[in-house]
Amino acid sequence: TRMKEDGPTKSKGTVGLSSGEGIVAALVGKWCYLSSLGGTSSYRNDRCFTLYQNGTYEYSGETSSSGANGSSVGSQYDTGRWTATATTLTAYSNSGGKIVYPIQLRNHPKTGDPMIVVDGDAYVTFNQRRPW
């Protein structure tokens, strides 16, 4: 069976990508991870990355915390090039070199929204898409 290299493929009830490395059209778009904890102290961690069809990416993240001892805020921003395989997302950072992340494609258990699990953290699609 012949398969396109730039799209997702389904096999045995799971979703995978082609076995080659390159720009994967199914991954193009904005993906976000949001985490927040409340109580006597609060913590918020927001991270988003956008994968562009031309092979570039943008990443931004912000962390904030507050409590009895004060508050702090931190932010990160990065750009570079990207490629993907069935199990990895590779970032060629303009500031940090090459980083290879393990990935899995899943659907959110409650909403069905597609997610990319990158290095253990689930990033949900920012734009409306069909489930994997």
Side-chain angles (χ1 to χ4, degrees):
T1 302
R2 187 174 229 184
M3 297 180 181
K4 285 177 69 175
E5 283 194 39
D6 61 345
T9 58
K10 294 185 179 184
S11 63
K12 300 182 185 173
T14 62
V15 175
L17 303 175
S18 67
S19 59
E21 183 173 8
I23 305 307
V24 180
L27 301 181
V28 170
K30 186 172 183 177
W31 302 89
C32 294
Y33 170 90
L34 307 173
S35 173
S36 136
L37 299 171
T40 57
S41 298
S42 67
Y43 174 80
R44 184 172 175 102
N45 184 355
D46 301 341
R47 298 177 297 208
C48 292
F49 62 89
T50 304
L51 302 176
Y52 295 101
Q53 183 68 42
N54 68 1
T56 63
Y57 75 87
E58 289 182 84
Y59 167 87
S60 63
E62 184 174 297
T63 303
S64 62
S65 63
S66 63
N69 296 327
S71 62
S72 67
V73 175
S75 64
Q76 294 178 315
Y77 180 79
D78 188 35
T79 60
R81 297 177 297 111
W82 71 279
T83 59
T85 69
T87 59
T88 62
L89 176 65
T90 302
Y92 299 90
S93 170
N94 289 336
S95 62
K98 178 181 174 181
I99 305 167
V100 180
Y101 298 99
I103 64 169
Q104 295 177 338
L105 303 183
R106 295 186 185 162
N107 294 314
H108 191 281
K110 292 182 180 177
T111 65
D113 291 333
M115 302 185 305
I116 302 174
V117 179
V118 180
D119 202 21
D121 292 332
Y123 290 78
V124 179
T125 181
F126 185 80
N127 305 97
Q128 193 169 17
R129 305 173 172 245
R130 293 188 326 205
W132 298 115

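Residues: numbered from 1 along the sequence shown.
Residues Ser95 and Asp78 approach most closely at OG-OD1, 3.1 Å, considering heavy atoms. The two residues Gly29 and Arg129 have their closest heavy-atom pair at CA-NH2, 3.5 Å. Contact record, Phe126 with Cys32: CD1-SG, 3.8 Å, taken as the closest heavy-atom pair.
Under the 4.5 Å side-chain heavy-atom criterion for ILVMFWY residues, a single connected hydrophobic cluster contains both Tyr33 and Ile99. One hydrophobic cluster holds both Tyr59 and Ile23 under the rule that ILVMFWY side chains link at heavy-atom gaps under 4.5 Å. Following chains of ILVMFWY side-chain contacts shorter than 4.5 Å, one cannot reach Val28 starting from Val124, and the two form parts of different hydrophobic clusters. Follow the hydrophobic side-chain contacts under 4.5 Å out from Tyr101 and you never reach Val117; the two are in separate clusters. In the hydrophobic clustering of this structure, Tyr123 does not group with Met115; members are Ile, Leu, Val, Met, Phe, Trp, Tyr whose side-chain heavy atoms approach within less than 4.5 Å, directly or through other members.
In this structure a side-chain-to-backbone donor-acceptor pair under 3.5 Å is missing from Trp82 to Thr90. In this structure, the side chain of Asn107 engages the main chain of Trp132 through a donor-acceptor pair within 3.5 Å.
In this structure, the side chains of Pro102 and Asp119 come closer than 4.5 Å at one or more pairs of heavy atoms. When side chains are defined from C-beta on, Leu27 counts as touching Ile116, because their heavy atoms get closer than 4.5 Å. In this structure, Val118 and Phe49 have side chains that are in contact, with non-hydrogen atoms separated by less than 4.5 Å. With contacts defined as side-chain heavy-atom distances shorter than 4.5 Å, the pair Thr83/Arg81 does not qualify. Side chains of Leu51 and Val24 form no contact here, defined as non-hydrogen atoms less than 4.5 Å apart.
In this structure, the separation between CD on Glu62 and CZ on Arg47 is 13.0 Å, given to the nearest 0.5 Å. One finds the OG atom of Ser60 at 9.5 Å from the CD atom of Gln76 (value rounded to the nearest 0.5 Å). To the nearest 0.5 Å, atoms OH (Tyr57) and NZ (Lys30) are separated by 16.0 Å.
Shown here is Arg106, whose CZ atom has no more than 12 heavy atoms of other residues, nucleotides or ligands within 6.0 Å.
Between the side chains of Thr125 and Asp113, no donor N or O sits under 3.5 Å from an acceptor N or O.
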